Protein chains: 2
Amino acid sequence: MPYKEREINKLYYTMGEVTEMFDVNASQIRFYEREFDILQPKKNKKGNRLFTQEDISNLKIIFNLVKEKGYTLQGAREFLRTNKNEAKENQRVVDSLERLKSFLLEVRDSL
Amino acid sequence: MPYKEREINKLYYTMGEVTEMFDVNASQIRFYEREFDILQPKKNKKGNRLFTQEDISNLKIIFNLVKEKGYTLQGAREFLRTNKNEAKENQRVVDSLERLKSFLLEVRDSL
DNA sequence: AAAAAGCATGCCATATAAAGAGCGCGAAAT
DNA sequence: ATTTCGCGCTCTTTATATGGCATGCTTTTT
């Protein structure tokens with residue numbers, strides 16, 4: 001009989017659990033769900049939300065950005081969006097700078 | 001048209017210059033002055049504001065945080081309190097790159 | 001069965017934040 | 001002397017963010 005961490009690795013959290021966890025009310029969670037694409041909890045046949053660990057994690061990030069860091073919802077959205085593509089963006093910047101460098105060398109040589 | 005990092009910097013900027021520089025209206029600048037301790041432009045005998053280079057620099061940082069990054073004023077205040085030096089340095093780099101960019105654009109157009 | 005609890009959607013109300021607008025005044029410039 | 005600019009002040013407006021309610025449907029409890 002293998003050891004299972006059922007409590008810790010819960011599959012799904014209910015709306016009530018989530019509101020208690022973050023000490024907010026349900027309408028705010030639903031509101032955030034509308035505001036942030038990354039929040040997409042599953043729903044059961046009845047329609048009740050089933051928040052995954054991933055959803056909880058995303059909510060933590062969002063609440064941190066908004067409540068601790070002082071981002072607007074808009075700002076938090078953009079932050080999340082650009083952090084997702086962080087690697088891509090870095091590469092893009094590097095490429096851009098490389099092109100810039102060779103251009104500068106050309107300019108210098110033409111003077 | 002040589003590229004110069006350093007520009008001849010004015011000692012003081014008037015309210016009109018500042019509002020045009022940031023494309024905002026005066027009440028917002030005055031508002032920010034109340035909201036951010038860091039903003040303390042001098043005033044002449046008449047009471048008109050004399051914005052120093054330092055004030056401009058601080059305004060740039062604030063506008064970047066609020067308009068680009070999506071911070072609330074409250075969030076920007078806290079950010080500045082703990083990251084003022086880093087923010088300054090970042091802004092310095094950004095300014096430098098933007099001057100470089102416009103220089104490059106001029107070069108391109110002159111070809 | 002009846003009552004209560006939990007959650008759904010949808011709409012409206014509220015609070016605060018952020019920005020803009022109007023005004024009368026005065027100094028300086030044209 | 002008229003215009004321009006900016007002052008402080010106050011009032012409004014707009015946007016953001018959150019809360020709350022009405023109603024209805026299941027599930028759980030009494």
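All values reported here derive from a predicted model rather than from experimental measurement. To find a chain, count down the sequence lines: A is the first, B the second, and so on, and within it residues start at 1.
- Checking the phosphate oxygens (OP1, OP2) of dG19(D), a side-chain nitrogen or oxygen of Q28(A) falls inside 4.0 Å.
- The shortest distance between the side-chain N/O atoms of K43(A) and the OP1/OP2 oxygens of dT9(C) is below 4.0 Å.
- At least one side-chain nitrogen or oxygen of Y32(A) sits closer than 4.0 Å to the OP1 or OP2 atom of dT18(D).
- Closest to the side chain of F31(B), from the set dG6(C), dA18(C), dT18(D), is dA18(C).
- Neither OP1 nor OP2 of dA19(C) sits under 4.0 Å from any side-chain N or O of N25(B).
- Rounded to whole Å, the distance from CD on E20(A) to C1' on dC7(C) is 16 Å.
- Using a 4.5 Å heavy-atom cutoff, the side chains of I56(B) and F22(B) are in contact.
- Atom CG of N25(A) is separated from atom CZ of R30(A) by 8.5 Å, given to the nearest 0.5 angstrom.
- Rounded to an integer number of Å, the gap from CD of E35(B) to P of dT16(C) is 15 Å.
- Between the NZ atom of K46(A) and the P atom of dA5(C) there is a distance of 15 Å, given to the nearest Å.
- Following chains of ILVMFWY side-chain contacts shorter than 4.5 Å, one cannot reach Y12(B) starting from I38(B), and the two form parts of different hydrophobic clusters.
- dG6(D) atom P lies 11 Å from atom CG of N44(B), rounded to whole Å.
- The OH-C1' distance, from Y71(B) to dA17(C), rounds to 18 Å in whole Å.
- Spacing between atom CD of Q74(B) and atom C1' of dT16(D) amounts to 15 Å, rounded to whole angstrom units.
- Checking dA27(C), dA8(C), dC7(D) against every side-chain atom of M15(A), the shortest atom distance belongs to dA8(C).
- Toward the 5′ end of DNA chain D lies the nearest nucleotide of E17(B), the other residue of the pair T72(B) and E17(B) mapping further downstream.
- Atom CZ of R77(B) and atom C1' of dT16(C) are 13 Å apart (whole Å).
- The minimum heavy-atom distance linking P41(B) with L39(B) is given by the pair CD-C, 3.6 Å.
- Taking the side chain as every heavy atom from C-beta outward, V18(B) and D55(B) never approach each other to under 4.5 Å.
- Considering only the side chain of R30(B), dC7(D) comes nearest among dC7(D), dA17(D), dA19(C).
- Atoms CG (L59(A)) and P (dT18(D)) sit 12 Å apart, rounded to a whole Å.
- For the pair R49(A) and dT9(C), the criterion of a side-chain N or O lying under 4.0 Å from OP1 or OP2 is met.
- The side chain of T14(A) sits closest to dC7(C) out of dC7(C), dA21(C), dA8(C).
- The side chain of N48(B) has dG6(D) as its nearest neighbour among dG6(D), dG20(C), dA17(D).
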